[in-house]
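The structure appears right after this line, and notes come after that.
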Amino acid sequence: ISQCESARVIAAMRQMPPWRRGVRGAFGCAAASTLALSLAASQGQADDSPAAASWVTPEMVAGFRRAQEAQARGDADAAPDKSEDQWTSSRRMRRDLEEQLAGFADNLTVLEVGSYFGYTTRLLSQYFQRVIALDAVPQFLQANREFNADRSNIVYLRLNTLTDDWSVFAQNVIHVVFLDASHDFETVVNDIDNVLRLGTVSLVIFDDYGAEEGVRQAVHVFVARGYLRPVAFLGEGADGRPWKLRDGREVSEREAVACEVVRPAPGGDGSSARL
């Protein structure tokens, strides 16, 4: 995608109206201890082993323990904010999702690609009929399962989006995808292409759209080529001012973007969107 075309897409996205519920498509702590030990001992293992999550710091694991304790005390919003753990969603993002999904996704299934400690999984499980939570790191799935032990509508699945077969989802009706896995451009392109092969998906929510250039570029490419149509920005940056991540980076774009999937007309070209 050329710089000129990318600039046009960005300008168009900034002009888009708020997310309307009439959009077309389906929308008409044992775990923390295990994770900490595994990450500490996993240097030099395979990519889908715990070493793949070596970017998880002891501070993040401690934050997970605190979230578990807060949840045990009955805190309704026990998950940390993005300013405390930048690999989760901000409280502003969670509020936006609650506003859009409450009473609206009751009969829908969401696929969460990259489920981390289960903070966002928990929110999604409160509004969707079913959540399929994916992660390549088994320790994250274990932590997620423990954090959401009281939720009965979550299915946990270990899957590496680059090397495993997405056809495992072919017999499932998935309406929404919450994409928050790897953030480099090539991997995000691959993930989007696989998501678009799932014929029942009508909405994709891209977390870290603002913070990660690879995510943003991949979204712009698929929007420019007509496979995705932005319908709403979500999360931090609503006031137009830059916001900061835990690592000190300043972000000028919105935290996340929701895009409607554009399907070919009957008889049209139904080939893959792979670039």
Side-chain angles (χ1 to χ4, degrees), residues 1 9 13 19 23-27 48 89 93 97 100-101 105 108-116 120-121 124 127-136 140-141 154-210 212-235 255-265 268-275:
I1 181 172
V9 170
M13 290 175 71
W19 185 352
V23 64
R24 292 194 303 275
F27 276 92
D48 62 351
S89 302
M93 170 81 163
L97 286 172
Q100 296 294 341
L101 298 174
L108 305 182
T109 294
V110 60
L111 176 67
E112 183 187 14
V113 183
S115 58
Y116 193 40
T120 304
T121 309
L124 295 173
Y127 295 102
F128 284 88
Q129 183 178 52
R130 182 170 65 158
V131 179
I132 304 174
L134 305 186
D135 211 287
F140 279 152
L141 293 174
I154 304 171
V155 176
Y156 302 94
L157 181 63
R158 182 182 181 184
L159 184 133
N160 185 310
T161 65
L162 284 176
T163 60
D164 291 333
D165 188 357
W166 284 65
S167 67
V168 66
F169 305 113
Q171 303 306 314
N172 292 273
V173 177
I174 296 169
H175 305 95
V176 179
V177 172
F178 189 95
L179 190 58
D180 189 19
S182 296
H183 297 132
D184 63 281
F185 175 77
E186 290 78 11
T187 302
V188 180
V189 166
N190 180 80
D191 289 348
I192 296 174
D193 185 68
N194 280 308
V195 165
L196 295 181
R197 294 172 187 267
L198 305 177
T200 58
V201 173
S202 63
L203 190 76
V204 186
I205 300 172
F206 295 93
D207 197 18
D208 287 319
Y209 166 85
E212 302 296 335
E213 185 177 357
V215 176
R216 197 161 54 252
Q217 289 181 344
V219 171
H220 292 172
V221 166
F222 281 85
V223 169
R225 302 206 174 186
Y227 294 107
L228 296 172
R229 180 181 297 115
V231 292
F233 285 118
L234 304 165
E255 180 178 352
V257 65
C259 293
E260 176 188 6
V261 174
V262 181
R263 299 290 179 190
D269 182 8
S271 61
S272 165
R274 183 172 291 280
L275 306 177

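Count residues from 1 along the sequence.
- No side-chain donor-acceptor contact under 3.5 Å links Asp193 to the backbone of Val189.
- One distance of note links CG of Leu108 with OG of Ser202; it measures 7.5 Å at 0.5 Å rounding.
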### Query
Going through the checks in order, is the ring pair (Phe, Tyr, Trp, His ring centres under 6.0 Å) test met by Phe185 and His220?
CA-CA 11 Å; Phe185 175 77; His220 292 172; over 10 Å; no
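- In terms of modelled atom types and a separation under 3.5 Å, the side chain of Asn194 and the main chain of Asn190 share a donor-acceptor contact.
- The side-chain contact (heavy atoms from CB on, under 4.5 Å) check on Thr161 picks up Val113, Leu159, Trp166, Thr187, Asp191, with sequence neighbours excluded.
- Side chain to side chain, Ser182 and Asp184 fail the donor-acceptor criterion of an N or O pair below 3.5 Å.
- Val215 has its side chain out of reach of Leu179: every pair of non-hydrogen atoms, C-beta onward, lies at least 4.5 Å apart.
- Counting only heavy atoms from C-beta outward, the side chains of Val204 and Val176 never approach each other to under 4.5 Å.
- For the atom pair CG of Asn160 and CG of Asp165, the computed distance is 12.0 Å after rounding to the nearest 0.5 Å.
- Here OG1 of Thr121 is found 7.0 Å from OH of Tyr156. Values are rounded to the nearest 0.5 Å.
- Ring planes of Phe140 and Tyr116: perpendicular class, angle over 60° (limits at 30 and 60°).
- Residues passing the side chain to side chain donor-acceptor pair (under 3.5 Å) test with Ser115, sequence neighbours excluded: Asn144.
- The line from CD1 of Ile132 to CD of Glu112 is 11.0 Å long, rounded to the nearest 0.5 Å.
- In this structure, Leu228 and Val262 approach most closely via the heavy-atom pair C-CG2, 4.0 Å.
- Separating the CZ atom in Arg130 from the CG atom in Asn172 is a distance of 5.0 Å, to the nearest 0.5 Å.
- Scored by the side chain to side chain donor-acceptor pair (under 3.5 Å) test, Gln129 finds no partners at all (sequence neighbours excluded).
- Here the side chains of Phe222 and Val195 are not in contact, with every heavy-atom distance at 4.5 Å or above.
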### Message
Working note: Val110 + Val177, criterion side chain to side chain contact (heavy atoms under 4.5 Å, CB included); need CA distance, chi angles, decisive distance, verdict.
### Response
CA-CA 5 Å; Val110 60; Val177 172; over 6 Å; no
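- With sequence neighbours excluded, the residues that form a side-chain contact (heavy atoms from CB on, under 4.5 Å) with Ala256 are Met93, Asp207, Leu234.
- Put simply, the side chain of Val201 reaches to within 4.5 Å of the side chain of Arg263, judged on heavy atoms.
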### Task
With side chain to side chain contact (heavy atoms under 4.5 Å, CB included) as the test, would you mind laying out the steps for Val257 and Phe233 before giving the verdict?
CA-CA 4 Å; Val257 65; Phe233 285 118; 3.9 Å; yes
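- By the 4.5 Å heavy-atom criterion applied to side chains, Ser89 and Phe178 are counted as neighbours.
- Atoms CD1 and CG, on Ile154 and Leu141 in that order, are 11.0 Å from each other to the nearest 0.5 Å.
- Taking the side chain as every heavy atom from C-beta outward, Ile192 and Val221 never approach each other to under 4.5 Å.
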#### Entry: Working for side chain to side chain contact (heavy atoms under 4.5 Å, CB included), residues Thr200 and Thr109
CA-CA 10 Å; Thr200 58; Thr109 294; over 6 Å; no
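- With sequence neighbours left out, Asp180 forms a salt bridge (charged side-chain N to carboxylate O under 4.0 Å, His left out) with no residue at all.
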